[in-house]
Amino acid sequence: MTAYREGWLAVQAGAPPERPTRSGEAHQERSGTVSALSPMDGGGTRAAMNPGETMAGTAGTPERFERTALVLQGGGALGAFHQGVFERLAEAGFEFDWLAGTSIGAIQAAILAGNPPEHRVEALEAFWDRITWPQPLPAPPPEHPWRKPVNLASAMGTMLFGQPGFFTPRPGGAWWSPLLAGEVGHYDLAGLEATLTDLIDFDRLNDGPIRLSLGAVEVETGRQVYFDNRERRLDLRHVMASGALPPAFPAVEIDGYSYWDGGLMSNTPLDAILDADPRRDTLCFLVDLFDPAGRTPEDLDQLEDRRKDIIYASRSRAQVAHHQQLHALRRAVGELYRALPPERREDPALAALARLGCTTRMCLVHLIYRGQAYRSWAKDFTFLPQTLADHRRCGRLDAELMLADRPWEAPMPEHEGVVLYEVDNQKAV
């Protein structure tokens with residue numbers, strides 16, 4: 001049995017992992033609700049179903065949505081949280097039409113798109129199995145004071161020796177990069193290339209039913225790009241480019257251009273879904289690994305932890321607020337056009353403006369990983385199997401909370417095109 005699976009079984013057998021409500025705060029008993037946030041009001045409550053409104057049942061995707069999307073944020077080792085969320089949604093019968101991801105989110109999205117439905121959970125587990133070192137001894141429980149030092153020791157080992165099936169240190173590190181023909185980075189990614197080659201069927205990824213969008217940044221221009229399998233055929237380079245975070249990993253060259261990790265500009269590739277044309281009624285699960293909310297740090301460890309959260313989590317809310325305003329405007333354009341007299345609607349200029357309007361609905365269900373009691377500045381490169389298993393279990397628990405409430409079954413207000421439901425997995429959130 002692999003170290004990762006042993007860690008997962010150990011966590012399953014024990015108590016649910018504890019985690020702080022905010023960075024540096026004491027743990028509180030876990031409970032949860034789902035709150036609705038809109039530009040018109042500060043919150044929302046569940047309303048009764050409209051008469052005659054049909055859903056797909058207690059499992060799977062509601063029938064009123066034309067597509068279902070899953071957006072996975074970047075975050076290194078924290079991506080095991082994605083694994084838990086997907087596992088639980090798959091068990092509930094959800095099938096996704098569109099996957100979008102950045103960095104570790106892009107890697108897992110590509111693995112999902114490149115495998116048949118019955119093997120997707122297994123393929124994700126195989127990925128995490130292959131990139132973890134064996135864990136010789138069990139670590140203390142999450143709330144134990146020694147758990148954080150154990151995690152930090154594991155992270156230091158990752159910095160020194162890399163991770164199997166993922167990355168290894170370059171001799172001399174990046175300081176020898178002038179002799180490496182443009183391979184500027186501290187680590188070599190040959191291990192990840194081999195792992196993904198074994199786990200992804202790129203013919204299925206490109207020709208299958210799932211649309212896939214991977215976020216990256218063009219190095220020379222600083223432009224955010226999305227590699228989309230409906231616009232081009234994707235291969236291993238596009239997946240690697242989305243996770244090429246400098247200075248650890250070198251840029252990936254594709255067709256004469258160099259690309260870095262998309263998290264440098266937008267760690268949550270939500271725009272790929274919400275900006276799509278033609279627009280469709282969409283249920284989108286947005287799974288973030290960094291918490292935008294937190295307390296002022298009291299030491300250097302908390303400072304670096306908080307800095308990462310702000311850098312890599314800050315855009316999700318801004319993206320959602322922008323699209324809420326944009327969709328409200330589009331709906332207003334459509335309503336104004338329909339209010340015009342018939343003869344005015346025949347004006348070509350007004351007809352062109354009317355095409356800017358729409359009546360589509362976007363239901364966003366937002367899960368944010370709040371972290372563990374032992375969180376630290378090295379949380380995104382702590383690959384200790386037992387810690388990865390903690391992340392995975394938290395993903396399952398938060399998905400279970402979301403499925404119990406099922407906010408997407410509530411009717412959306414007529415005046416809103418985008419509604420955000422946030423899964424509150426702590427009392428104080």
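Residue numbers run from 1 in the order of the sequence given.
Residues passing the side chain to side chain contact (heavy atoms under 4.5 Å, CB included) test with Pro246, sequence neighbours excluded: Trp260, Leu264. Partners of Arg307 by side chain to side chain donor-acceptor pair (under 3.5 Å), not counting sequence neighbours, listed by chain and number: Glu304. The ring-ring contact (aromatic ring centres under 6.0 Å, His included) test applied to Phe381 returns Trp377, not counting sequence neighbours. Glu400 meets the salt bridge (Lys or Arg N to Asp or Glu O under 4.0 Å) test with Arg88; sequence neighbours excluded. With sequence neighbours excluded, the residues forming a salt bridge (Lys or Arg N to Asp or Glu O under 4.0 Å) with Asp347 are Arg344, listed by chain and number. Partners of Phe167 by ring-ring contact (aromatic ring centres under 6.0 Å, His included), not counting sequence neighbours, listed by chain and number: Tyr187, Phe249. Under the salt bridge (Lys or Arg N to Asp or Glu O under 4.0 Å) criterion, Arg279 pairs with no residue at all, not counting sequence neighbours. Val252 meets the side chain to side chain contact (heavy atoms under 4.5 Å, CB included) test with Arg237, Met240, Ala241, Ala244, Ile254; sequence neighbours excluded. The salt bridge (Lys or Arg N to Asp or Glu O under 4.0 Å) check on Arg233 picks up Asp203, Asp207, with sequence neighbours excluded. His238 meets the ring-ring contact (aromatic ring centres under 6.0 Å, His included) test with Phe227; sequence neighbours excluded. Applying the side chain to side chain donor-acceptor pair (under 3.5 Å) criterion to Thr197, with sequence neighbours excluded, gives no partner residue.
The main-chain N or O of Ile210 is found under 3.5 Å from a side-chain atom of Asn229 such that the two form a donor-acceptor pair. In this structure, the side chain of Thr221 engages the main chain of Arg223 through a donor-acceptor pair within 3.5 Å. Checking side-chain atoms of Asn115 against main-chain N and O of Ile111 turns up a donor-acceptor pair under 3.5 Å. Put simply, the side chain of Thr282 never gets that close to the backbone of Cys284: no donor and acceptor are under 3.5 Å apart. Of the possible donor and acceptor atoms, one in the side chain of Asp261 sits under 3.5 Å from a partner among the backbone N and O of Gly263. The backbone N or O of Gln386 sits less than 3.5 Å from a side-chain atom of Gln135, completing a donor-acceptor pair. For the pair Arg170 (side chain) and Gly185 (backbone), a donor-acceptor distance under 3.5 Å is present.
Inter-residue side-chain proximity for Val419 and Cys363 is flagged as unmet; no heavy-atom pair is nearer than 4.5 Å. A heavy-atom distance below 4.5 Å is found between the side chains of Ile368 and Arg370. A 4.5 Å side-chain heavy-atom check between Phe81 and Leu289 finds at least one atom pair inside the cut-off. Side chains of Leu89 and Leu403 form a contact here, defined as non-hydrogen atoms less than 4.5 Å apart. Contact of the Pro247 side chain with the His186 side chain is registered, since non-hydrogen atoms from C-beta on lie closer than 4.5 Å. Inter-residue side-chain proximity for Asp288 and Tyr312 is flagged as unmet; no heavy-atom pair is nearer than 4.5 Å. The shortest distance between side-chain heavy atoms of Phe290 and Lys379 falls below 4.5 Å. Two residues are said to be in side-chain contact when any heavy atoms from C-beta on lie closer than 4.5 Å; Leu112 and Leu212 fail this criterion.
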(message) Under the criterion salt bridge (charged side-chain N to carboxylate O under 4.0 Å, His left out), I'd like the reasoning laid out for Glu87 against Arg392: C-alpha separation, chi angles, the key distance, then a yes or no.
(response) CA-CA 9 Å; Glu87 281 179 344; Arg392 178 180 175 184; 2.6 Å; yes
| field | Residues Thr268, Gln73; criterion side-chain hydrogen bond (donor to acceptor under 3.5 Å, both in side chains); working and verdict | value | CA-CA 5 Å; Thr268 306; Gln73 190 181 75; 2.7 Å; yes
With salt bridge (charged side-chain N to carboxylate O under 4.0 Å, His left out) as the test, would you mind laying out the steps for Arg147 and Asp390 before giving the verdict? CA-CA 12 Å; Arg147 179 59 180 275; Asp390 288 344; 3.0 Å; yes
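Separation of atoms NE2 (His323) and CE (Met362) is listed at 9.0 Å; rounding is to 0.5 Å. Distance CG/Leu270 to NE2/His322: 10.5 Å, rounded to 0.5 Å. The distance from the CG atom of Leu364 to the CG atom of Leu274 is 5.5 Å, given to the nearest 0.5 Å. From Phe166, atom CZ reaches atom CG of Asp188 across 12.0 Å, with rounding to the nearest 0.5 Å. Distance OG/Ser242 to CD1/Ile104: 10.0 Å, rounded to 0.5 Å. How far OG of Ser213 is from CG of Leu234: 8.5 Å, rounded to the nearest 0.5 Å.
Applying the side-chain hydrogen bond (donor to acceptor under 3.5 Å, both in side chains) test to every pair with at least one member in residues 156-168, sequence neighbours left out, gives these pairs: Thr158-Gln163.
In terms of heavy-atom proximity, Gln372 sits nearest to Pro142 at OE1-CB, 4.4 Å. Residues Ser266 and Gln319 come closest through the heavy atom pair OG-NE2, 3.5 Å. Of all the heavy atoms in Val423 and Leu401, the pair that sits closest is CG1-CD2, 3.5 Å. Of all heavy-atom pairs spanning Leu72 and Pro269, the tightest one is O-CD, 4.0 Å. Shown here for Ala378 and Leu152, the closest heavy-atom pair between the two residues is CB-CD2, 4.0 Å. The heavy-atom pair separating Gly165 from Thr195 by the smallest distance is O-OG1, 2.7 Å.
Remark: the Asn267 side chain and the Thr102 side chain contain no N/O donor-acceptor pair separated by less than 3.5 Å. Side-chain contact check for Glu125 and Gln83: no donor-acceptor pair (N or O, by modelled atom type) lies under 3.5 Å. Donor-acceptor pairing under 3.5 Å is lacking for the side chains of Trp98 and Thr68.
One finds no salt bridge joining Arg211 and Asp97 here, because no Lys/Arg side-chain nitrogen approaches an Asp/Glu carboxylate oxygen to under 4.0 Å. Salt bridge status for Arg375 with Asp309: present, with a side-chain N to carboxylate O gap under 4.0 Å. Between Asp301 and Lys148 there is a salt bridge, with a side-chain nitrogen of the basic residue lying less than 4.0 Å from a carboxylate oxygen of the acidic one. Salt bridge absent: Asp281 and Arg361 never bring a charged side-chain N and a carboxylate O closer than 4.0 Å.
A 6.0 Å sphere centred on CD of Glu298 holds no more than 12 heavy atoms belonging to other residues, nucleotides or ligands. Annotation for Leu160: atom CG counts as buried by contact number, over 12 foreign heavy atoms lying within 6.0 Å.
When the options Tyr421, Phe94, Phe86 are evaluated for a ring pair (Phe, Tyr, Trp, His ring centres under 6.0 Å) with Phe285, the one that passes is Phe94. When the options Thr382, Asn151, Thr132 are evaluated for a side-chain hydrogen bond (donor to acceptor under 3.5 Å, both in side chains) with Thr387, the one that passes is Asn151.
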